[in-house]
Amino acid sequence: MERIAVIDFETTGISPGRHCRATEVAVVMLERGRIVERYQSLMNAGLPVPAFVAGLTGITTAMLRSAPPVAQVMNEVAEFVGSTPLLAHNASFDQKFWDYELAQIGRNRVQSFACSMLLARRLLPGAPNHKLGTLTRWAGLPDTGTAHRAMADAEMAANLAQHLAGQLRQAHGLNEVSHQLFCSLQKVPAAKVAETLKRYR
DNA sequence: TGCCAGGCCCTCTTTAGGGCCTT
């Protein structure tokens, strides 16, 4: 599989806007099945972290006061990612924060997002559920550290993406697994995945 | 002031409703 950037945001809430911003971002670069580069930073957008979110992530308002400004971090991470194809777990969430925070600094997304959750629903239908942590444990993937922190979650998603690529090779007989295949497969109705994969063999 | 997501997917469906998943 070609180089893929696996991204995870921690945020103050669910939907980006004046009252909800990113608080942390991590990106790991996957290349030939290995993590070859990492970027991670807290970022200060000047918003308080709600108690529920602080309890979930461990990221507090006090921690963000000493973090670099959101614009600086977003410019750095945008340079780091460049035009590399992106992947995230429940990518619709990370994509809307990526798009929103880039727009705040006058930049635009230039690549597509693959979603490990949509892929896992199709390729790992027997999993108890399709939360990132559950899939990691269920598939016997490495413990990457504290869940709900950006780097640990990005590494988990990267490991899951590798596992999904392995499933496509071993269980479905594919030789080449690409980001483009991920993007195509995540749009195929679950009932038609097997039929679709036959065309890629 | 009060409000506060949204796309995917299943089913007791399609003139709809509700759970999943992310913080």
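Here is the naming used below: chain letters follow the sequence lines, and residue numbers restart at 1 for every chain.
Residue contacts for A:Asp94: at a heavy-atom cut-off of 4.0 Å it reaches no nucleic acid atom on any strand shown. Within the 4.0 angstrom heavy-atom criterion, only backbone atoms of the sugar-phosphate kind lie near A:Phe9; the bases stay farther away. Looking at heavy-atom distances under 4.0 Å, A:Thr12 makes no contact with the nucleic acid at all.
A straight line from CG of A:Leu185 to P of B:dC8 spans 15 Å, rounded to a whole angstrom. Atom CG of A:Leu119 and atom P of B:dG7 are 19 Å apart (whole Å). Regarding A:Phe52, its CZ atom lies at a distance of 10 Å from the P atom of B:dT23, rounded to whole Å. Remark: C1' of B:dG6 and CG of A:Leu118 are 13 Å apart, rounded to the nearest angstrom. In this entry the distance linking CD of A:Gln95 with P of B:dG6 reads 14 Å, nearest Å. Following rounding to the nearest Å, A:Phe113 (CZ) and B:dG7 (C1') show an atom-to-atom distance of 15 Å. Atom CG in A:Asn90 sits about 4 Å away from atom C1' in B:dC21, given to the nearest Å. Atom P of nucleotide B:dT23 and atom CG of A:Leu132 are separated by 8 Å, given to the nearest angstrom.
The side chain of A:His130 contributes an N or O atom lying less than 4.0 Å from OP1 or OP2 of B:dC21. Note on A:His19: every side-chain N or O is 4.0 Å or more away from OP1 and OP2 of B:dC4. Considering only side-chain N and O atoms, A:Arg122 lies under 4.0 angstrom from the phosphate OP1 or OP2 of B:dC9.
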Working for salt bridge (charged side-chain N to carboxylate O under 4.0 Å, His left out), residues A:Arg149 and A:Glu155: CA-CA 10 Å; A:Arg149 285 302 298 265; A:Glu155 289 187 2; over 6 Å; no
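When the P atom is used for both B:dT13 and B:dG19, the distance is 16 Å, rounded to whole Å. B:dC12 and B:dC4 are spaced 30 Å apart, taking the P atom of each and rounding to whole Å. B:dT23 and B:dG6 have their C1' atoms separated by 14 Å, with the value rounded to a whole Å. Separating the P atom of B:dC21 from that of B:dT14 is a span of 24 Å, rounded to the nearest Å.
Minimum atom distance to the side chain of A:His89 is reached by B:dC21, of the listed B:dT23, B:dA5, B:dC21. When the nucleotides B:dC21, B:dT23, B:dC8 are ranked by their closest atom to the side chain of A:Glu10, B:dT23 comes out on top.
To the nearest 0.5 Å, the span separating NE2 on A:His163 from OG on A:Ser116 amounts to 12.0 Å.
Between A:Thr57 and A:His148, the side chains place no donor N or O within less than 3.5 Å of an acceptor N or O (distance only, hydrogens not considered). Side chains of A:Arg201 and A:Asn175: no donor on one and acceptor on the other come within 3.5 Å.
Summary of the strand contacts: A:Asp153 and A:Lys96 both lie near DNA chain B, and taking for each the nucleotide with the nearest heavy atom, the more 5' one is attributed to A:Lys96.
Note on A:Arg107 versus A:Glu101: no salt bridge recorded, every NZ/NE/NH1/NH2 to OD/OE distance being 4.0 Å or above.
Looking at A:Arg121, its side chain has no donor and acceptor atom pair within 3.5 Å of the base of B:dC9.
Cluster annotation: A:Val6 is not connected to A:Met117 through the hydrophobic network of ILVMFWY side chains, with a link wherever side-chain heavy atoms come within less than 4.5 Å.
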